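Everything on this sheet refers to the single structure shown next.
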Amino acid sequence: MVKVSGAPEEIQLSAGATCREILFKALSRKKLKEVVACKCQERIYDLTSELGEDCSSLDPVLLSSHEGLKILRHSAAHIMAEAVKKLFPSVKVTIGPDIEHGFYYDFDYERPFTPQDLEKIEARMAESVSENKPFERMVVSVREAQKIFLELNETFKLEILDELDEDQVSLYKHGDFIDLCRGPHLPSTGYVKAFKLTSVAGAYWRGDEKRPMLQRIYGTAFASEKDLKKHLDRLEEAKKRDHRKLGVQLDLFSFSDEAGPGMPIFHPKGALVRTILEDFERKEHLRRGYQIVQGPQILRRELWEKSGHYDNYREHMYFTHIDDQVYGIKPMNCLAHMLIYKSRLRSYRDLPLRYFELGRVHRHEKSGVLHGLLRVREFTQDDAHILCRPDQLQDEIIGVVRFVQDVMNLFGFEYVVEVSTRPEKSIGSGDAWEKSTAALTRALEVIKLPYGICPGEGAFYGPKIDIKLKDALGRRWQCATVQCDFTLPERFDLFYTGEDGQKYRPVILHRVILGAIERFFGVLIEHFGGAFPTWLAPVQARIMNITGVQEEYVHYCAATLRDQGIRVELDVRNEKLGYKVREAQMEKIPYVLVAGDQEVEKSGLNVRMRGGKNLGMMSIQDVVDLIYQDMDEPFKKGGLSYRYLY
RNA sequence: GCCCACGUAGCUCAGUCGGUGGAGCACUUCCUUGGUAAGGAAGAGGUCACCGGUUCAAAUCCGGUCGUGGGCUCCA
């Protein structure tokens with residue numbers, strides 16, 4: 001017997017029955033139309049699959065569900081591959097999975113696809129959809145599959161087959177297009193009601209830059225035109241939040257061809273926001289037992305050799321010469337911190353030592369990866385190195401992760417946590433890697449923070465916990481990170497004197513909270529859509545007069561607010577009030593303070609909040625208190641306390 | 001670094017078949033003194049990213065360089 005969720009009774013399971021047959025008995029015709037696959041014990045099957053005897057409960061997978069959408073997109077990728085093969089018979093197909101917001105398929109072809117090609121492919125796909133061809137699943141031996149793909153001259157498929165361990169593989173066929181594929185797929189092509197090809201891009205075969213460059217076509221597909229339109233509208237919305245666009249509009253920062261790519265230039269308002277962020281960080285670090293330090297911008301090459309950077313990180317470094325000496329411009333801040341530790345003997349009583357530096361680093365990032373403020377060549381890290389005894393490691397990691405949580409909550413960020421393990425190019429013993437990886441995961445388990453694992457993604461000197469934030473388009477960017485390092489203490493021969501008078505090696509944690517101020521600022525702009533919370537807003541209030549009569553009064557008001565640390569601007573231009581209000585609104589200034597004759601008479605200001613809400617007239621001191629309260633609000637939740645005043 | 005697309009005024013964008021470059025906003029001046037998202041008029045503003053080629057003639061066609069965008073790879 002099989003229990004089908006959503007059906008009133010259990011269904012008799014006859015040998016060789018397919019999912020479709022069982023669902024046919026269990027569900028209404030109307031509901032059945034929405035079903036594209038079924039799920040049994042966390043595995044998803046095609047409707048045409050036969051159910052095993054052990055299947056006791058069956059979940060229909062609806063087209064509108066997350067899983068249904070993935071199947072739809074994967075099938076759309078097949079339909080695209082079919083269309084491409086028809087239009088360009090000499091292409092070779094490779095792989096084509098569904099991805100977060102759509103799908104792609106990589107092709108090997110003698111020339112790149114043009115936007116015009118995409119239109120033709122889309123038209124061909126539409127034909128295939130209207131023919132409503134069934135997807136057929138076939139299970140064959142690897143040998144048979146090899147024969148088929150050899151005949152089709154699909155060499156990439158043969159390569160995949162060679163690497164498979166299984167004896168049997170599944171093939172999917174719709175019309176005359178056949179593909180090696182695990183599935184599952186839609187019952188037929190007609191289910192793909194709404195799709196759009198979005199872009200072409202180069203992509204290396206198997207993501208390896210030494211292998212051939214393939215042509216990747218990206219597309220997206222939805223269960224209905226309405227959903228597709230909603231998605232495209234969301235993309236349009238996201239563009240408005242793009243930090244590069246807002247950076248120009250709000251006059252926060254710029255890039256200049258003359259200065260060079262990846263070199264951000266902070267304008268007064270952007271520089272003020274980051275100054276506040278940095279000021280907050282300095283105070284918060286001091287509060288949490290860190291010590292502020294500062295190292296030089298360039299250090300001798302020999303020191304980079306000693307640390308291992310010269311061997312492992314050289315291609316990302318810039319070098320310069322002083323007299324006959326080669327100096328490396330720092331891409332990381334650790335070196336000087338090591339020297340501070342070494343500058344005197346350390347006792348076990350001194351540990352942990354937490355050295356904090358807002359360190360400006362330079363890294364030679366490949367030209368193709370630069371991206372607004374989110375990837376630049378010069379940036380400032382809120383970097384710290386914690387030197388501690390092995391028995392303190394656990395608590396220190398927990399302290400850092402808690403710090404990250406507090407700060408992310410302050411801004412209201414959602415984040416993803418990942419543990420990255422040993423990469424191919426790395427230094428240190430296997431034992432040290434294992435120990436430090438375990439220390440990281442154990443810390444996350446202690447504070448019950450869910451995490452994923454990224455195999456081989458660690459830094460060359462140790463494993464790490466990464467905390468990633470999303471930008472307006474949902475792309476993930478690494479911000480906070482905690483990295484274990486058992487090798488730097490050895491390379492620098494760091495030690496402390498233990499209780500017994502013997503020498504012991506300290507352990508190092510490299511860690512950042514915001515990560516790079518530049519990147520964090522970029523993500524922050526997108527997170528708030530440019531409307532910074534009052535404590536961070538470069539201009540907190542704009543004061544404006546209605547006519548020239550009140551000009552002297554608004555100058556007085558501005559001076560009064562400024563005296564109490566409020567960041568105010570004055571707008572006394574000969575313009576109508578509506579015009580001045582509109583401008584302040586577009587600049588996303590939290591408070592508009594208006595003075596007309598009534599306000600002058602009563603020594604008050606009329607308060608309009610960002611977004612349009614009008615609070616009416618208040619005394620000047622009440623306005624100051626209101627803004628103070630607004631500045632303090634985000635900190636109350638987390639038990640933090642901070643106010644930037646000048 | 002690799003693949004594709006793009007580069008016109010401070011910003012957003014027109015510019016046909018190759019024939020001495022346009023609009024809106026912003027800016028300056030003048031008029032207007034107006035109560036919560038754009039009052040009116042006039043003016044100024046460009047080596048069409050840069051270099052080279054084809055042509056009687058190039059923003060426009062071709063090549064190169066630089067930069068930007070979307071990906072790949074890499075990473076905070």
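Naming convention: chains lettered A, B, ... in sequence-line order (proteins, then strands); numbering from 1 in each chain. Keep in mind it's a predicted model, so treat the numbers as computed, not measured. No hydrogens, no waters, no symmetry mates; every other heavy atom, side chains included, goes into these values.
Distance A:Ile217 CD1 to B:rA5 P: 13 Å, rounded to the nearest Å. A:Leu577 places its CG atom 8 Å from the P atom of B:rA37, with the value rounded to the nearest Å. A:Lys613 has its NZ atom 19 Å from the C1' atom of B:rA37, to the nearest Å. A:Asp571 has its CG atom 15 Å from the P atom of B:rA38, to the nearest Å. Here the P atom of nucleotide B:rA76 and the CZ atom of A:Arg363 are 5 Å apart, to the nearest Å. The CG-P distance, from A:Asp106 to B:rU73, rounds to 10 Å in whole Å. Residue A:Arg360 contributes atom CZ, which lies 15 Å from atom C1' of B:rA76 at whole-angstrom precision. Distance, A:Asp208 CG to B:rC72 P: 15 Å, rounded to whole Å.
Base pairing of B:rC13: its partner is B:rG22, meeting the Watson-Crick or G-U wobble criterion (both donor-acceptor distances under 3.5 Å). Base pairing of B:rC72: its partner is B:rG1, meeting the Watson-Crick or G-U wobble criterion (both donor-acceptor distances under 3.5 Å). B:rC66 is paired with B:rG7 under the criterion used here, namely a Watson-Crick or G-U wobble arrangement in which both key atom distances are under 3.5 Å. If you check B:rG34 for Watson-Crick or wobble pairing at under 3.5 angstrom, you find it has no partner at all. Look at B:rC61: its Watson-Crick or wobble partner, with both distances under 3.5 angstrom, is B:rG53. As the counterpart of B:rC27, B:rG43 is assigned, both hydrogen-bonding distances of the Watson-Crick or G-U wobble pattern falling under 3.5 Å.
A:Asp383 comes within contact range of no nucleotide atom at all, as no heavy-atom separation falls under 4.0 Å. Here A:Val369 lies in heavy-atom contact (under 4.0 Å) with a base. When heavy atoms are screened at a 4.0 angstrom cut-off, A:Lys245 is found touching no nucleic acid atom at all. A:Gln249 comes within contact range of no nucleotide atom at all, as no heavy-atom separation falls under 4.0 Å. Among the atoms of the strands shown, none is found under 4.0 Å from any heavy atom of A:Val361. If you check every strand for non-hydrogen atoms under 4.0 Å, A:Gly548 touches a base.
Nucleotides B:rA59 and B:rG15 have their C1' atoms positioned 9 Å apart, rounded to a whole Å. B:rC13 and B:rU20 have their C1' atoms separated by 23 Å, with the value rounded to a whole Å. Separation of the P atoms belonging to B:rU29 and B:rU36 is 27 Å when rounded to the nearest angstrom. Taking atom C1' in both B:rG45 and B:rG22, one finds a spacing of 13 Å when rounded to whole Å. Between B:rA58 and B:rC74, the two C1' atoms lie 41 Å apart (nearest whole Å). Taking atom P on both B:rA23 and B:rC31, the two are 26 Å apart, rounded to the nearest angstrom. Taking atom C1' in both B:rU60 and B:rG18, the straight-line distance is 6 Å, to the nearest Å. B:rC48 and B:rA9 are spaced 10 Å apart, taking the C1' atom of each and rounding to whole Å.
The shortest distance between the side-chain N/O atoms of A:Gln478 and the OP1/OP2 oxygens of B:rA76 is below 4.0 Å. Close to B:rA26, at under 4.0 Å from its OP1 or OP2, lies a side-chain N or O of A:Tyr579. At the phosphate of B:rA37, neither OP1 nor OP2 sits under 4.0 Å from any side-chain N or O atom of A:Lys576. Contact check, A:Arg608 against B:rA37: a side-chain N or O comes under 4.0 Å of OP1 or OP2.
In A:Lys196, the NZ atom is not crowded: 12 or fewer heavy atoms of neighbouring residues, nucleotides or ligands sit closer than 6.0 Å. Counting heavy atoms of neighbouring residues, nucleotides and ligands inside a 6.0 Å radius, atom CD of A:Gln294 does not exceed 12 of them.
No close placement of the A:Phe521 and A:Phe379 rings is indicated, their centers lying 6.0 Å or farther apart. A:Phe356 has its ring centre no less than 6.0 Å from the ring centre of A:His385.
A:His364 and A:Tyr318 have tilted rings, their planes meeting at an angle from 30° to 60° on a 0 to 90° scale.
With respect to A:Glu284 and A:Arg288, a salt bridge is recorded, a charged nitrogen being found less than 4.0 Å from a carboxylate O. Electrostatic pairing of A:Lys269 and A:Asp251 does not count as a salt bridge here, judged by no charged N lying under 4.0 Å from a carboxylate O. By the 4.0 Å N-to-carboxylate-O rule, A:Lys240 lies too far from A:Asp242 to be salt-bridged with it.
In this structure a side-chain-to-backbone donor-acceptor pair under 3.5 Å is present from A:Lys580 to A:Asp571.
The base of B:rG71 has none of its N or O atoms less than 3.5 Å from a complementary donor or acceptor on the side chain of A:Tyr204. For a distance-only test at 3.5 Å, the side chain of A:Glu599 qualifies as a donor-acceptor partner of the base of B:rG35.
Listed nucleotides B:rC3, B:rU33, B:rG1 differ in distance to A:Thr547; the shortest reach to its side chain belongs to B:rU33. The side chain of A:Arg582 approaches B:rA37 more closely than any other nucleotide in the set B:rA37, B:rA76, B:rG34. Comparing B:rU73, B:rA38, B:rC3 by their nearest atom to the side chain of A:Met213 picks out B:rC3. With B:rG35, B:rA76, B:rC72 as the candidates, the nucleotide lying closest to the side chain of A:Arg216 is B:rC72. Closest to the side chain of A:Val594, out of B:rC72, B:rA76, B:rU36, is B:rU36.
Counting heavy atoms from C-beta on, the side chains of A:Lys470 and A:Phe413 never come closer than 4.5 Å.
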Problem set entry | Contact pattern, 5' to 3', of nucleotides 61-70 of chain B - B, S or - by protein heavy atom under 4.0 Å | ------SSSB
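Taking the ring centre of A:Phe222 as origin, the terminal cationic atom of A:Arg73 falls inside the region bounded by 6.0 Å and 45° from the ring axis.
Nearer the 5' end of RNA chain B, as judged by each residue's closest nucleotide, is the contact made by A:Gly596, out of A:Glu209 and A:Gly596. Along RNA chain B, the nucleotide nearest A:Ile467 and the nucleotide nearest A:Met586 are compared for position; the residue whose nucleotide lies closer to the 5' end is A:Met586.
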